[in-house]
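Quick notes on the structure that follows.
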Amino acid sequence: MTMPARAHVMKRVLLGDNQFFGVNHMSEEKARAQAMRFQGIDAVMEVIDTAYDTGITTFMCTTHDRVADVVERVRADADRYAGFTFYPGMPYAHKYADAVTESGMLGAVRRFLPEGGLLDAAVRGGRSLARKDVEGLITLLVDAEMAMFRGLDTPVVWLQNVVVDMLIGLRFTDAFAIFARHVRSRYGAEPGFITMNLPAALDTLEDAGVENPIVCSNINKIGFRMSGGIEAYQRVLETRSFRAVAMSVFASGAIPPREALEWIFAQPRIESIVFGASSAAHIRGTKALVDELAPVSD
Amino acid sequence: MIKVAVVGLGKMGISHLAMIRAHPAVSVVAVIDPAGYVLDVLGKYTGLATYKDLTRALEDVDIDAVIVATPTRLHASIVRQAIDRGIAVFCEKPLTLSAVESEELAAYALDRGAVTQVGYHNRFVGAFREVKRLLETGAIGRVTHYHAEAYGPVVLRSRGATWRSQRAEGGGSLYDYAAHPLDLLAWYAGPAESVGGTVLGRIFSESTEDEVYATIRYPAGVHAQLSVNWSDESFRKMTTRMTVTGTAGRIYADRQEIQVYRRETAPAVDGYDAGWTVRYTTELTEPVRFYLRGEEYSAQLDAFVARVHEGAIRGLNDFSSAAVTDRTLELLTRDAAGEKVEGTAVIAPRRRGLRRRK
């Protein structure tokens with residue numbers, strides 16, 4: 001597999017978007033309070049602006065409809081957001097799951113394929129469906145999800161964990177190679193893979209021929225949602241070749257910030273952490289702690 | 001290696017397939033689905049042995065256990081074929097669309113010594129397990145009332161082309177959504193005595209219900225209220241909730257957390273003082289070997305595999321337990337249709353020979 005001429009350097013801290021869309025792994029009440037607070041795009045931008053001004057300039061986001069509003073704001077004020085980058089993750093799983101319940105597997109795929117005016121896409125889609133050619137389908141679905149980011153900097157494109165983990169379980173290895181190839185060739189970006197099963201993901205990505213992949217998974221001191229066990233995670237961090245992005249570093253608030261970050265940066269191979277802050281104090285506090293514990297040398 | 005076949009490659013079937021194929025003690029020997037598309041894609045890219053017809057698969061390959069994730073209407077005949085051949089069965093919920101049929105299948109499975117399990121995954125959710133544990137220790141005194149809820153954004157407009165929108169196929173929010181809180185009620189409170197005031201309301205669907213409301217009565221004057229709506233966009237995804245009121249306190253639980261209020265009069269329970277105690281999924285959830293969509297989905301399959309391995313005929317969510325839930329589902333259907341349903345005597349289990357049935 002061809003590698004980009006120069007590997008993209010990820011920032012130490014990435015801003016996630018769970019908090020904006022009512023996702024909270026700890027409490028439904030908290031999730032709802034956040035959904036209420038962030039229902040206006042101004043409230044979302046306020047957090048993103050605080051993060052940006054603190055030096056957190058990467059937004060790791062889903063392709064939720066409302067991310068399109070964030071994208072528009074950033075596009076409209078290029079000076080304000082100089083150097084701002086998006087790391088989009090796809091697909092937005094609930095959108096598809098609900099569509100599958102309503103329209104069936106095939107109906108759901110049809111619904112999300114680009115339509116109207118895109119003759120090439122329509123032809124590609126129809127032909128792919130008819131031939132059971134997943135390469136055509138995967139690339140089309142990626143293109144459909146990437147459309148909202150046109151013209152913006154997206155140096156890493158993620159495949160979301162529900163899809164990654166389902167493909168791992170099914171041993172649908174080809175899909176990873178297809179995704180990686182397409183993201184590199186069409187978008188000049190690094191493919192990233194989010195997973196709740198880090199050791200298994202690394203095995204599958206190796207089988208797929210994706211070298212030194214960027215992989216994001218839960219990594220935290222208490223082993224929360226580190227499937228296969230914390231020891232297995234520490235073993236792959238020691239021995240395998242990949243670029244680790246840690247999420248759930250604070251285990252939804254179960255670990256105090258300093259303790260969580262001291263532990264995380266004592267692990268090898270951690271290039272970045274992604275966290276979903278919603279208060280200025282949390283953003284500034286986390287950034288300051290990271291700068292203290294894991295200063296960027298280059 | 002336990003040789004497993006998966007029948008039905010819809011949303012649940014594919015999800016089960018991914019989890020079970022990742023199990024180190026399992027070899028998936030066949031996937032079966034009459035609609036060829038997904039089947040052909042899997043055959044082409046994953047090396048799985050694919051069949052359009054269950055009978056062919058049963059003749060072709062040696063199978064220890066089968067996962068059934070077809071539309072509910074088809075469950076009974078598939079399950080019966082499997083049990084006939086001594087195959088262990090994991091079946092999606094509900095078990096069947098008829099209380100009598102579910103009870104007969106449960107009796108037949110016991111008769112033949114088959115390992116069975118139904119996919120009521122909430123019994124594998126840490127917070128709901130903690131509720132069960134607390135109720136067994138009498139942590140909130142004598143229970144008087146349950147409030148069982150499920151909400152989510154499945155049907156938000158008037159269309160829908162899958163079996164889930166057809167009641168006769170086992171679609172609708174009673175079978176798809178209400179079955180979950182009802183199964184938790186069956187776990188906590190046992191078999192229902194009677195139901196009343198059942199509303200199977202339509203909001204957007206044309207051939208099935210979108211909302212379910214009912215009062216359910218249990219022995220010893222215990223009662224429950226059921227409140228279910230799958231057309232509620234204010235919920236990001238399906239949310240199941242259980243509130244239990246007792247003489248010495250109250251428990252609220254959902255997938256993420258358990259909030260317990262205990263009066264001074266409550267008996268001593270380790271880790272729970274008088275007043276509020278809140279415990280979160282981070283401490284209540286046992287880690288799993290492979291994660292997809294939630295620990296409970298992997299945990300239930302792992303429990304099934306362990307039971308197949310041990311030949312454990314009785315166990316959590318076996319057919320007998322699912323039949324209790326199916327009985328309540330039927331009581332609700334009949335009550336909503338205006339039939340008089342007083343207690344289980346109206347449709348007492350009949351132990352007819354299964355093989356004589358068509």
Side-chain angles (χ1 to χ4, degrees), chain A residues 21-32 35 93-94 96-98 100-109 129 131-134 137 161-162 164-175 195-197 200 218 220 222-230 232 248 251-255, chain B residues 9-11 14-23 28 35-38 40-48 152-157 159-165 171 176 230 234-239 241 254-257 259 278 280-283 285 287-293 295 298:
Chain A
F21 304 120
V23 182
N24 186 289
H25 300 299
M26 199 87 146
S27 148
E28 288 184 1
E29 259 173 61
K30 211 166 155 188
R32 176 177 302 194
H94 286 292
Y96 286 90
D98 291 339
V100 170
T101 303
E102 198 178 289
S103 314
M105 203 75 71
L106 217 53
V109 170
L129 274 177
R131 285 189 191 158
K132 290 153 190 166
D133 151 31
V134 292
L137 283 182
N161 56 292
V162 174
V164 167
D165 292 332
M166 185 166 295
L167 294 170
I168 290 171
L170 295 172
R171 296 188 211 158
F172 209 129
T173 313
D174 290 354
T195 179
M196 307 303 282
N197 306 283
N218 275 24
N220 55 65
I222 62 169
F224 175 57
R225 289 216 169 121
M226 295 166 68
S227 313
I230 192 165
S248 269
S252 293
I255 317 169
Chain B
L9 294 173
K11 195 164 77 171
I14 292 211
S15 155
H16 287 317
L17 174 61
M19 281 180 276
I20 203 73
R21 205 178 191 197
H23 196 298
V28 177
Y37 197 86
V38 176
D40 289 350
V41 170
L42 285 179
K44 185 171 166 187
Y45 289 95
T46 69
L48 285 161
V154 178
V155 177
L156 298 173
R157 56 194 150 158
R159 64 185 244 203
T162 76
W163 67 272
R164 286 176 204 273
S165 65
D176 204 62
W230 76 353
S234 72
F235 289 82
R236 190 178 65 90
K237 56 178 187 176
M238 185 182 184
T239 296
R241 297 171 167 172
D254 58 38
R255 191 176 169 274
Q256 316 292 342
E257 65 182 318
Q259 303 172 345
V278 181
Y280 295 104
T281 175
T282 37
E283 62 172 312
T285 307
V288 292
R289 155 195 65 70
F290 183 82
Y291 180 103
L292 183 67
R293 302 172 60 215
E295 285 87 357
S298 312

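Ranked by heavy-atom pairs shorter than 4.5 Å toward chain A, the options B:L48, B:V278, B:T285, B:T239 are led by B:T239. Per-residue counts of heavy-atom pairs under 4.5 Å with chain B were compared for A:G228, A:G253, A:A35; the largest is that of A:G228. Ranked by heavy-atom pairs shorter than 4.5 Å toward chain B, the options A:N161, A:V164, A:D165 are led by A:D165. Options B:E295, B:R289, B:Q256, B:E283 differ in how many heavy-atom pairs under 4.5 Å they form with chain A, and the most are formed by B:Q256.
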Where do A:R32 and B:F235 land on the side-chain contact (heavy atoms from CB on, under 4.5 Å) test, with the steps shown first? CA-CA 9 Å; A:R32 176 177 302 194; B:F235 289 82; 3.5 Å; yes
Start with the C-alpha distance between A:S252 and B:Y280, add both sets of side-chain angles, then the distance that settles side-chain contact (heavy atoms from CB on, under 4.5 Å), and finish with yes or no. CA-CA 10 Å; A:S252 293; B:Y280 295 104; over 6 Å; no
For B:E257 and A:K30, run side-chain contact (heavy atoms from CB on, under 4.5 Å): C-alpha distance rounded to whole Å, both residues' side-chain angles, the deciding distance at 0.1 Å, then the answer. CA-CA 11 Å; B:E257 65 182 318; A:K30 211 166 155 188; over 6 Å; no
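The existence of a salt bridge linking B:R255 and A:E28 is excluded, since no basic side-chain nitrogen approaches an acidic carboxylate oxygen closer than 4.0 Å.
In this structure, chain A has no heavy atom under 4.5 Å from any part of B:I20. Within the 4.5 angstrom heavy-atom criterion, atoms from both the backbone and the side chain of A:F172 approach chain B.
Using a 3.5 Å distance cut-off with no hydrogens or angles, the side chains of B:S15 and B:R293 do pair a donor with an acceptor.
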